[in-house]
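These notes concern the structure reproduced below.
Computed from a prediction, not measured in an experiment: that's the story for all the values here. Computed over heavy atoms, backbone and side chain alike; hydrogens, waters and symmetry mates excluded. Letters go in sequence order (proteins before strands), and every chain restarts at 1.
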Amino acid sequence: MSGVRTRFAPSPTGHLHVGGARTALFNFLYARHHGGTFVLRVEDTDRERSTDESTRAILESMRWLGLDWDEGPYFQSQRTRLYLEHVERLLEEGKAYRCDCPPEVVEAKRQRALIEGRKPKYDGTCRARTDVDPSKPHVVRFKAPQAGATVVPDLLRGEVVYDNEELDDLVILRTDGAPTYNFVVVVDDALMGITHVIRGDDHLNNTPRQIQLYRALGYPLPRFAHVPMILGPDKKRLSKRHGATSVEAYRDAGFLPEALVNFLARLGWSHGDQEIFSLQELIDRFDLGGVGRSASVFNEDKLLWLNAHYIKECPQDRLVDLVRPFLERKGYETANRDKLGVLVEAFRARCKTLAEFAEKATPYFVREIEVDPAAAKKYLKASIAPVLADLLEAFRAVERWDVPSLERAFLEVVEGKHALRIGKAAQPLRVAVTGTTVSPGIFETLMLVGREWALERIERALEMARARAAG
RNA sequence: GUCCCCAUCGUCUAGCCUGGCCCAGGACACCGGCCUUUCACGCCGGCGACGGGGGUUCAAAUCCCCCUGGGGACGCCA
């Protein structure tokens, strides 16, 4: 195991977002590629919004994606003492100070600054005070350097320079005694020996503050890599209003984990012209050099294409297992694995998601089907009635309900007796047994529907065709 | 408003660091064709981009500057 240690640190305030999942994936891949350790840490310092339910959901999504962590999950809510000790230390060393400015006052000043076009930062009212009463409500602020500049060395962007005047004295301990994000992140990353902090671009601006904290605390800096964000089709930060954004939602919509992983990896990272990567291949090939610098738009069409690809590739046994819950959700009987196997083979090239599979499989699980009116109008005409009647008779006589027998019977009637082209009869028959104009090969379809249902559906279609003759 | 980041087909991207092999390659989507009992799959083909302007150079997608555009951050959220 190399010295590389990365981490993923979600806050449990909702489901695992695809953006978060990609960050997790990059950290996972980087650690695995370098033979390092991938740490999972739950940032639940915000007691108000954090829930156990979210934690469960996030861990489950991570497992589903195959992003196994080597250490953790650690919970920040259980490490409060550590943080308080660090706050205390900064206080003692004069690197932090107590501030009892009322929140409303600070907020009002910020608003005014914003309106007046100034940088909305804390004005340092309490910075030099020594008379703040520790027994009264107050926060603790970090005494940030006021002159000079702080440089963020970033593996992807080079050295990003921030004028220290841009940064103010951030709160590190809230009035309620809870430490804040920017502070605990530094303490934890330092204590956990994280060597590479790989995270979203949106954190780049937090980094100079964090670097100042590392320095104040006397901890060595990890390496930083700020990866580009994922945007919605409107180029805005991807959010719920763009539709499904949680890993869970994609799972429920019938995406395979390998498709999502492959897709997420290719968002912001590339390896030449290659598009398809297994998780192992990603581990072998992933490195920061292949990561881009510009934000990328989440393109669902490509995800769909990848998903279709993986459905086509999926071994039958697993595909049957994957498809089952989707069928069950629709109340279909899934005990017959052989039937599912045949069905899955018939439809794997025709579905982009597992949900779509379940949708398309309806005529093979539900006895009463609806016949699409447009299809009926076009194909179940009076002229086809004699053919359907003969087919019905021929199929009734068929000994074995399998593809070769059905094909033989069909050809005898259609090409033999009626001298029709195959398509002329296949389409009406398809409409008869599936209610639609689209399905796998007609003999395969007949077989999938099964003798009993097929015969009764043909009978019904025959009635419809004859009715057209009458009317 | 201030600061920071970014900028190749509609989208994901290769190429950029180490200028010439690029009148820019691949993929998704789209359009056409082939295959075919329908639909898919598959195969073949097409459409389509270096944001603009200045430099530097014999030569720039590649280096520099400005502009424009987009994104992000400015919390007692993370």
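- Pairing for B:C47 is absent, with no Watson-Crick or G-U wobble pair whose two atom distances lie under 3.5 Å.
- Across residues 147-162 of chain A, A:Arg157, A:Val160, A:Val161, A:Tyr162 each have a non-hydrogen atom less than 4.0 Å from an atom of RNA chain B (numbered order).
- Base pairing of B:A40 is not made with any nucleotide, judged by Watson-Crick or G-U wobble geometry with both donor-acceptor distances under 3.5 Å.
- Toward the 5' end of RNA chain B, the nearer of the two residues A:Gly441 and A:Leu173, judged by each one's closest nucleotide, is A:Gly441.
- Residue A:Lys352 has no polar side-chain atom (N or O) positioned under 4.0 Å from OP1 or OP2 of B:A40.
- Taking atom CD on A:Glu356 and atom C1' on B:C41, their separation rounds to 13 Å, with Å as the unit.
- Distance check on atom P: B:C39 versus B:C31 gives 15 Å, rounded to whole Å.
- Atom P of B:A14 sits at a distance of 10 Å from the matching atom of B:U8, rounded to the whole Å.
- Between A:Glu48 atom CD and B:G75 atom C1' there is a gap of 15 Å when expressed in whole angstrom units.
- Inspection of the A:Tyr310 and A:Asn262 side chains reveals an N or O donor paired with an N or O acceptor under 3.5 Å.
- Of the candidates B:A27, B:A78, B:C74, the closest approach to any side-chain atom of A:Trp305 belongs to B:A27.
- Spacing between atom CG of A:Asp169 and atom C1' of B:G75 amounts to 15 Å, rounded to whole angstrom units.
- For B:C39, its base never sits under 3.5 Å from the side chain of A:Thr437 at any donor and acceptor pair.
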Could you list the protein-to-nucleotides 50-52 of chain B atom pairs, N/O on both sides, closer than 3.5 Å?
none

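- Rounded to whole angstrom, the span from the CD atom of A:Glu166 across to the P atom of B:C5 amounts to 12 Å.
- Using a 4.0 Å heavy-atom distance criterion, A:Pro440 is classed as a base contact.
- Taking atom P in both B:A29 and B:G42, the straight-line distance is 9 Å, to the nearest Å.
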Check nucleotides 8-17 of chain B against the protein and report each pair of N or O atoms closer than 3.5 Å, with its distance, or say if there are none.
from, atom 1, to, atom 2, distance (Å)
B:U11, OP1, A:Lys235, NZ, 3.1
B:C12, OP1, A:Val297, N, 2.8
B:C12, O2', A:Arg266, O, 3.0
B:C12, O2, A:Lys302, NZ, 3.3
B:U13, OP1, A:Gly268, N, 2.3
B:U13, OP1, A:Ser296, OG, 3.3
B:U13, O3', A:Ser270, OG, 3.0
B:A14, OP1, A:Ser270, OG, 2.8

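- Considering only side-chain atoms of A:Tyr181, the nucleotide from B:A27, B:A78, B:G1 that sits closest is B:A78.
- For the C1' atom pair drawn from B:A61 and B:G52, the interatomic distance equals 15 Å after rounding to whole Å.
- Using a 4.0 Å cut-off between a side-chain N of Lys or Arg and a carboxylate O of Asp or Glu, A:Lys109 and A:Glu107 do not qualify as a salt bridge.
- Two residues, A:Gln274 and A:Lys119, neighbour RNA chain B, and the one matched to the more 5' nucleotide by heavy-atom proximity is A:Lys119.
- Look at CG on A:Leu303: it is 14 Å from P on B:C28, rounded to the nearest Å.
- Between the side chain of A:Trp69 and the backbone N or O of A:Arg41 there is no donor-acceptor pair closer than 3.5 Å.
- Scanning both residues, A:Val344 and A:Leu319, for their nearest heavy atoms gives CG1-CD2, 3.5 Å.
- In this structure, of B:G72, B:C3, B:U37, it is B:G72 that holds the atom nearest to the side chain of A:Met229.
- Looking at heavy-atom distances under 4.0 Å, A:Lys236 makes contact with sugar-phosphate atoms alone, never a base.
- One P atom belongs to B:C47, the other to B:U62, and the distance between them is 25 Å to the nearest Å.
- When heavy atoms are screened at a 4.0 angstrom cut-off, A:Lys424 is found touching no nucleic acid atom at all.
- Among the atoms of the strands shown, base atoms are found under 4.0 Å from some heavy atom of A:Asn182.
- Using a 4.0 Å heavy-atom distance criterion, A:Asn206 is classed as a base contact.
- Residue-level contact check: A:His226 touches neither bases nor backbone, having no heavy atom under 4.0 Å from any strand.
- Residue contacts for A:Leu204: at a heavy-atom cut-off of 4.0 Å it reaches the sugar-phosphate backbone alone, with no base atom in range.
- In this structure, the side chains of A:Val291 and A:Pro228 come closer than 4.5 Å at one or more pairs of heavy atoms.
- With both ends at atom C1', the span from B:G19 to B:C63 equals 8 Å, rounded to whole Å.
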Subject >> Verdict with supporting geometry, A:Cys99 and A:Tyr97, side chain to side chain contact (heavy atoms under 4.5 Å, CB included) >> reply: CA-CA 6 Å; A:Cys99 163; A:Tyr97 60 93; 4.3 Å; yes
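- Counting non-hydrogen atoms under 4.0 angstrom, A:Arg421 reaches nothing in the nucleic acid.
- Applying the salt bridge (Lys or Arg N to Asp or Glu O under 4.0 Å) test between A:Asp201 and each of A:Arg157, A:Arg293, A:Arg237 identifies A:Arg157 as the sole match.
- Residue A:Arg350 has no polar side-chain atom (N or O) positioned under 4.0 Å from OP1 or OP2 of B:U38.
- For the atom pair CZ of A:Arg266 and CG of A:Leu264, the computed distance is 12.0 Å after rounding to the nearest 0.5 Å.
- Just one residue in the list A:Lys121, A:Arg209, A:Arg127, A:Gln146 forms a side-chain hydrogen bond (donor to acceptor under 3.5 Å, both in side chains) with A:Asp168, and that residue is A:Arg209.
- Taking atom C1' in both B:C23 and B:G15, the straight-line distance is 16 Å, to the nearest Å.
- Interface remark: the A:Arg430 side chain does form a donor-acceptor pair with the B:U37 base, using a distance-only criterion of under 3.5 Å.
- At a threshold of 4.0 angstrom between heavy atoms, the contacts of A:Thr45 are confined to the sugar-phosphate backbone, with no base atom among them.
- Look at A:Arg110 and you'll find a side-chain N or O under 4.0 angstrom from OP1 or OP2 of B:G75.
- Using a 4.5 Å cut-off on side-chain heavy atoms (C-beta onward), A:Glu275 and A:Lys302 make contact.
- Base contact: A:Cys101 has a heavy atom under 4.0 Å from a base atom.
- Salt bridge absent: A:Arg408 and A:Glu412 never bring a charged side-chain N and a carboxylate O closer than 4.0 Å.
- With 3.5 Å as the limit, one finds a donor-acceptor pair spanning the side chains of A:Thr445 and A:Ser439.
- Applying the Watson-Crick and G-U wobble criteria (two distances, each under 3.5 Å), B:C3 pairs with B:G72.
- Taking atom P in both B:C17 and B:C65, the straight-line distance is 15 Å, to the nearest Å.
- Between A:Arg7 and A:Asp189 there is a salt bridge, since at least one side-chain N of the basic residue sits less than 4.0 Å from a carboxylate O of the acidic one.
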